[in-house]
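So you know, we letter chains A, B, ... as the sequences are listed, proteins then strands, and number each from 1.
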Amino acid sequence: MKTEPSDFSIDDLKKARGQTTSWDGVRNYQARNFMREMRVGDEVLVYHSNADPPVVVGVATVIREAYPDHTAFDRKDEHYDAGSTPEDPRWYMVDIRLKQKFKRQLSLPELRELKGLSRMELLRKGSRLSVQPVRAEEWNIILGKTKGKDKDK
DNA sequence: GCCAACGTTGGC
DNA sequence: GCCAACGTTGGC
């Protein structure tokens, strides 16, 4: 799951009540569909986009499955969508809780150098999906790398 | 700040 | 249904 740290960072998640947040504001159908596939207990990588450098910063756990994103109903919200109503919601969100903030983060350039990630959605040219699937192999490579880096320090 | 890639909108 | 115009994302 991508987030712009200037908007909501992993440190914001860490400071949040219960280290928990609802992932509202997703306004892309594909991303929404991936969120609807999430199940309680699923783990997600948290990624800082539009950062310098962009980095994978940690892991969070899904603690509530998809439910209507009420920010779409709020006229004053920047993500308001008149096409989404409480009776017939178009947009959904999940709740996640911080599991782990990496001591050493993995930057996008570092990810590109890793073997076995060439098919990863995040690394595809022009990839903009803010919620995207991660294959088990990719997950293991990334987590293994953050552990290795932790030891190095 | 630039711009490529992508999604959405709306005229036809 | 096509596609040009437009807006957004996000790396660089």
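The salt bridge (charged side-chain N to carboxylate O under 4.0 Å, His left out) check on A/Asp11 picks up A/Lys101, with sequence neighbours excluded. For A/Asp42, the side-chain contact (heavy atoms from CB on, under 4.5 Å) test picks out A/Met38, A/Arg39, A/Val62, with sequence neighbours left out.
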**OP:** Apply side-chain contact (heavy atoms from CB on, under 4.5 Å) to the pair A/Lys2 and A/Gln132, showing each step before the final yes or no.
**Re:** CA-CA 9 Å; A/Lys2 297 182 187 175; A/Gln132 52 179 254; 3.7 Å; yes

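Screening residues 115-136 of chain A for salt bridge (charged side-chain N to carboxylate O under 4.0 Å, His left out) gives A/Glu121-A/Arg124, A/Arg135-A/Glu138 as the qualifying pairs, with residues at least two apart or on separate chains.
Proximity of a side-chain donor or acceptor of A/Gln100 to a complementary backbone N or O of A/Gly58 within less than 3.5 Å is not detected.
In terms of position along DNA chain B, the nucleotide closest to A/Lys125 lies nearer the 5' end than the nucleotide closest to the other residue of the pair A/Lys125 and A/Tyr29.
We find that CG of A/Leu111 is positioned 13 Å from C1' of C/dG11, with the value rounded to whole Å. Taking atom CG of A/Asn28 as the reference point, atom C1' of C/dT9 lies 10 Å away to the nearest angstrom. Per the geometry, CG belonging to A/Leu123 stands 16 Å off C1' belonging to C/dT9, to the nearest Å. Distance CZ (A/Arg124) to C1' (C/dG11): 15 Å, rounded to an integer number of Å.
For an aromatic pair to be called close, the ring centres must be under 6.0 Å apart, and A/Trp91 with A/Tyr29 satisfies this.
Counted by atom type alone, A/Thr71 and A/Arg27 present one or more donor-acceptor pairs between their side chains at under 3.5 Å.
A/Ile63 belongs to no hydrophobic cluster, as no Ile, Leu, Val, Met, Phe, Trp or Tyr side chain comes under 4.5 Å of its own.
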Are there any protein N/O atoms within less than 3.5 Å of an N/O atom in nucleotides 4-8 of chain C, and if so, which ones and at what distance?
{"unit_1": "C/dT8", "atom_1": "O2", "unit_2": "A/Arg128", "atom_2": "NH1", "d": "2.5"}

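Non-hydrogen atoms lying under 4.0 Å from DNA chain C are contributed by A/Ser49, A/Asn50, A/Pro54, all within residues 49-59 of chain A.
Contacts of A/Arg27 with the nucleic acid, taken as non-hydrogen atoms under 4.0 Å apart, are absent.
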